[in-house]
Amino acid sequence: MARARVEQVPFTGSPRPTIGIEWEIALVDKVTRDLSNTASAVFDEVGDLRSWDGKPQVTKELLRNTVELVTGVHDTVGAAVEDLHGTMDAVRRAADPLGVDLFCAGTHPFAQWSAQQLTRSEHYDELIERTQWWGRQMMIWGVHVHVGVSHRDKVLPILNSLLLAYPHLLALSASSPMWAGADTGYASNRTLMFQQLPTAGLPFQFDNWTQFEHFVHDQFKTGVFEQLGGMHWDIRPAPKWGTIEVRICDGTSTRAELAALAAFIHCLIVDLDQRVENGEELPTLPPWHVQENKWRAARYGLDAIVIVDSDSNERLVTDDLTEILNRLEPTAKRLGCADELALVAEIPVRGASYQRQRKVAAASQGDLVAVVDALVRELDQ
């Protein structure tokens with residue numbers, strides 16, 4: 001029996017491949033280095049910061065130890081990153097007299113979830129009521145990148161193919177090896193924590209927009225979520241903004257790494273968009289390979305051996321990364337982010353954040369306060 005027609009999900013296409021970035025920043029006490037539930041006071045000091053297009057540049061998050069920095073809509077990575085740092089300067093000036101520093105990583109090395117206060121709102125109250133213990137555990141921070149796409153029919157082919165680069169993005173950004181005072185053995189504990197929420201994790205792979213609309217209808221009808229923002233996938237369509245939103249990355253503590261990751265995402269999506277325009281059938285991976293790649297990158301980071309095609313061939317993630325970066329160079333030049341894309345290759349050389357954090361912990365005989373100190377200094381550069 002044919003299914004009844006469902007209400008459409010309109011996609012507001014972007015006429016240009018624009019970019020916007022959301023950067024979740026934690027607040028830590030200057031002395032104890034524990035998380036500080038002072039977001040409300042910081043917001044009071046910052047005031048109503050808005051971008052050129054009228055959007056708030058500092059927003060609340062689930063926990064009162066967090067502020068989110070949000071850019072306006074930009075054409076280049078450089079402009080978006082500069083936008084963020086102007087906002088960060090304002091937040092830092094507001095936090096400093098409160099005895100608070102800014103911090104960013106996928107998780108805090110030693111803070112306890114039970115000590116964190118929740119931001120009260122109808123949306124967050126409903127989330128915690130539904131998810132209970134797992135919802136209270138969401139003491140995690142990430143970077144979200146929006147890239148404009150011109151038409152809805154391109155969105156799902158691009159999203160499905162973008163999953164091939166999932167482990168590369170996670171390995172490069174992995175910055176959450178420690179949780180509640182213990183080394184988890186993972187490069188990104190954050191990504192595995194977050195997927196415990198019922199609407200989080202890997203996206204489903206739909207063949208077309210109509211299938212996606214049926215999915216949304218089913219979720220609304222059964223009460224899984226009541227608005228598209230309740231769909232917390234690692235990569236998701238953002239129909240209201242006309243973008244694909246990539247939410248894979250752990251929180252990053254350096255401006256260079258933020259710019260590198262944003263450029264990588266921008267180039268990946270624009271390259272796939274152009275290939276769709278050219279009539280190319282984009283490569284995909286079976287869902288079981290995508291799931292395995294996510295776990296391998298979360299566990300092993302830059303040492304992960306990842307599955308690179310539907311024939312189950314495998315390769316060290318950094319070797320595959322080199323080939324992808326070479327392919328994206330012309331796209332980066334066209335988008336004006338060649339310098340930022342070049343920074344991607346420096347991350348494995350310097351060491352990803354999870355590796356740097358473990359190095360600091362080892363050098364300080366396991367003192368995790370020293371790890372927070374190091375991350376605060378990185379963010380302040």
### Task
Take L335 and T76 through the side chain to side chain contact (heavy atoms under 4.5 Å, CB included) test and state the conclusion after the steps.
CA-CA 7 Å; L335 293 173; T76 66; over 6 Å; no

### Message
One pair to check against side chain to side chain contact (heavy atoms under 4.5 Å, CB included): L164 and V308. What are the steps and the verdict?
### Response
CA-CA 7 Å; L164 275 80; V308 295; over 6 Å; no

### Task
Take H74 and E82 through the side-chain hydrogen bond (donor to acceptor under 3.5 Å, both in side chains) test and state the conclusion after the steps.
CA-CA 10 Å; H74 293 280; E82 196 62 35; over 6 Å; no

### Query
Can you check ring-ring contact (aromatic ring centres under 6.0 Å, His included) on W295 and Y166, steps first, answer last?
CA-CA 10 Å; W295 184 86; Y166 189 114; over 10 Å; no

#### Entry: Audit row: F264, L172, side chain to side chain contact (heavy atoms under 4.5 Å, CB included) steps and yes/no
CA-CA 11 Å; F264 192 21; L172 289 164; 3.9 Å; yes

### Message
Between F212 and H217, is the side chain to side chain contact (heavy atoms under 4.5 Å, CB included) condition met? List the steps.
### Response
CA-CA 9 Å; F212 175 65; H217 167 79; over 6 Å; no

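Here the rule is salt bridge (Lys or Arg N to Asp or Glu O under 4.0 Å) with D234, and of K294, R190, R247 only K294 fits it.
A side-chain donor-acceptor contact under 3.5 Å links R296 to the backbone of I305. No donor-acceptor distance shorter than 3.5 angstrom exists from the side chain of T18 to the backbone of S14, with no hydrogens or angles considered. Using modelled atom types, no side-chain atom of T243 and backbone atom of P239 make a donor-acceptor pair closer than 3.5 Å.
Between T66 and W141, the side chains place a donor N or O and an acceptor N or O closer than 3.5 Å (distance only, hydrogens not considered). Defined by atom type and a distance below 3.5 Å, a donor-acceptor pair is missing between the side-chain atoms of D34 and Q112. With no hydrogens or angles considered, no side-chain donor-acceptor pair links E378 and T254 at under 3.5 Å. Side-chain contact check for S176 and N189: no donor-acceptor pair (N or O, by modelled atom type) lies under 3.5 Å. Using modelled atom types and a 3.5 Å distance limit, the side chains of D29 and S36 yield no donor-acceptor pair. A donor-acceptor contact closer than 3.5 angstrom links the side chains of S312 and H289. Using modelled atom types, one finds a donor on one side chain and an acceptor on the other under 3.5 Å when comparing Q357 with S353.
Residues R275 and D273 are not paired through a salt bridge, judged by the lack of any N-O separation under 4.0 Å between the basic side chain and the carboxylate.
Enclosure of atom NZ in K30 by more than 12 non-hydrogen atoms of other residues, nucleotides or ligands within 6.0 angstrom is indicated. Heavy-atom contacts from other residues, nucleotides or ligands closer than 6.0 Å to CD of E314 number more than 12.
Separation of the F110 and H108 ring centroids falls under the 6.0 Å cut-off. Residues W209 and H214 keep their aromatic ring centres 6.0 Å or farther apart.
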